[in-house]
Amino acid sequence: MSTTLGAPRPDQATYMLRAAAGAGRGYKRELLELLDVRPGQTALDVGCGPGTDLPSLAERVGVNGTVIGVDRDPAMLAEARRRTSGLPTVRISAADAHALPVRPGTVDRAKVDRVLMHVADPPKVLEQLRAVTRPGARIALAEPDWDTLVVDASDLDTSRAFTRYTTSEVVRHATIGRGLARLARQTGFVVETVRATTPVFLDFHDADHTLGLGRTMARAIRDGHIDATRGRRWFAALSDGPFFASFTLVTVVCSR
């Protein structure tokens, strides 16, 4: 894998599938367990991406249930359809999370995984979830708090500057993870469980792929937030020895 500063971002579907199989494996397993999907239910995956979780949801709802995957990215939808082509209980729709194509009061279980940090209006998405779910439904939300991103380096100031740039310029709602429980309560949900998970990266290449270390540093240099010489030296040094990076991801499970 390239260690070039500012290397192109990998194909988005491949990126998400690899992230789910790596650092995201543990929290995803826990999220699905907490969601407690049961046979015969209707389960909704908002921002389903390449369909990573759709087969697991389909297995849980069984032959009498329904799984609805919603995404607005054509490439993601194509991959999700390919991955679920043999699963007749799965229905995939092209739509925006702010306007879900689901009849009100028909969903038993819903999940939103690393989507709210990107959308224009997170409270509106949660209001949509409340509208389409039944009384007693369970909803699982998972989002990072990018303020907690740490990258070990001898140049600690540049690591801190990298995190500040990520939270202020790169991610739309970078700290939404810490606010999930509050937003859920404000929408009218009953918060049942709040968990914090810390994905740890010990391999530089995996971290660069998932966290976009080189791509983000190149942007920070281009935008004048970090000195070019210092930023390039910081990135080059990350691949030279033992590596460590981590961040906090918050999972909230609530009921309708």
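Everything numeric here is computed off the predicted structure, so don't read it as measured data. Values below: every heavy atom of this structure, side chains too, minus hydrogens, waters and symmetry copies.
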Examine the side chains of D96 and H98 and answer whether a donor and an acceptor come within less than 3.5 Å of each other.
yes
Between the main-chain N or O of G231 and the side-chain N or O of T158, is there a donor-acceptor pair closer than 3.5 Å?
no
So which atom in D152 and which in L238 form the shortest heavy-atom distance, rounded to 0.1 Å?
O-CD2, 3.6 Å
Just by distance, do the side chain of H118 and the backbone of R172 share a donor-acceptor pair under 3.5 Å?
no
Where the side chain of Q41 meets the backbone of R38, is there a donor-acceptor pair that is under 3.5 Å apart?
yes
Given 3.5 Å as the limit, does a donor-acceptor pair link the side chain of T163 with the main chain of L149, or not?
yes
Return yes if some donor-acceptor pair links the side-chain N/O of T210 with the main-chain N/O of A207 below 3.5 Å, else return no.
no
Backbone N or O of D36 within a donor-acceptor pair of the R109 side chain at under 3.5 Å?
yes
Compare every heavy atom of R134 with every heavy atom of G105, then report the nearest pair and how far apart it is.
O-CG, 3.2 Å
The complete set of salt bridge (Lys or Arg N to Asp or Glu O under 4.0 Å) pairs with one or both residues in residues 115-133, sequence neighbours excluded, reads none
Within-4.5 Å side-chain heavy-atom neighbours: T133 and I139:
yes
Beyond-backbone contact of F247 with V150, side-chain heavy atoms, under 4.5 angstrom:
no
Between D155 (side chain only) and W234 (backbone N and O only), is there a donor and an acceptor less than 3.5 Å apart?
no
Nearest heavy-atom contact between E169 and R219 is O-NH2, 3.6 Å
In terms of heavy-atom contacts, V112 and E143 come closest through O-OE2, 4.3 Å
To which residues is V253 joined in a hydrophobic cluster, defined by side-chain heavy-atom contacts under 4.5 Å among Ile, Leu, Val, Met, Phe, Trp and Tyr, whether direct or through other members?
L34
Would you check if L44 and L129 make a side-chain contact, meaning some heavy-atom pair closer than 4.5 Å?
yes
Derivation and outcome, side chain to side chain contact (heavy atoms under 4.5 Å, CB included), residues H209 and D206:
CA-CA 5 Å; H209 182 277; D206 285 343; 5.7 Å; no
Compare every heavy atom of G212 with every heavy atom of F162, then report the nearest pair and how far apart it is.
CZ-O, 4.4 Å
Nearest heavy-atom neighbours spanning P144 and M117:
CD-SD, 3.7 Å
Less than 4.5 Å apart, side chain to side chain, heavy atoms only: is that true for D45 and V67?
no
Taking D208 for its side chain and G214 for its backbone only, find out whether a donor-acceptor pair lies under 3.5 Å.
yes
Please evaluate residues L141 and L126 with respect to the criterion side chain to side chain contact (heavy atoms under 4.5 Å, CB included), reporting the C-alpha separation (whole Å), side-chain torsions for both, the decisive distance (0.1 Å), and the verdict.
CA-CA 10 Å; L141 312 169; L126 293 181; 4.0 Å; yes
Any sub-3.5 Å donor-acceptor pair from R230's side-chain atoms to I226's backbone N or O?
no
Keeping the roles fixed (side chain from D145, backbone from D147), state whether a donor-acceptor pair exists under 3.5 Å.
yes
Side chain to side chain donor-acceptor pair (under 3.5 Å) for Y27 and R114? Distances and angles first, verdict last.
CA-CA 12 Å; Y27 92 86; R114 295 169 299 145; 2.7 Å; yes
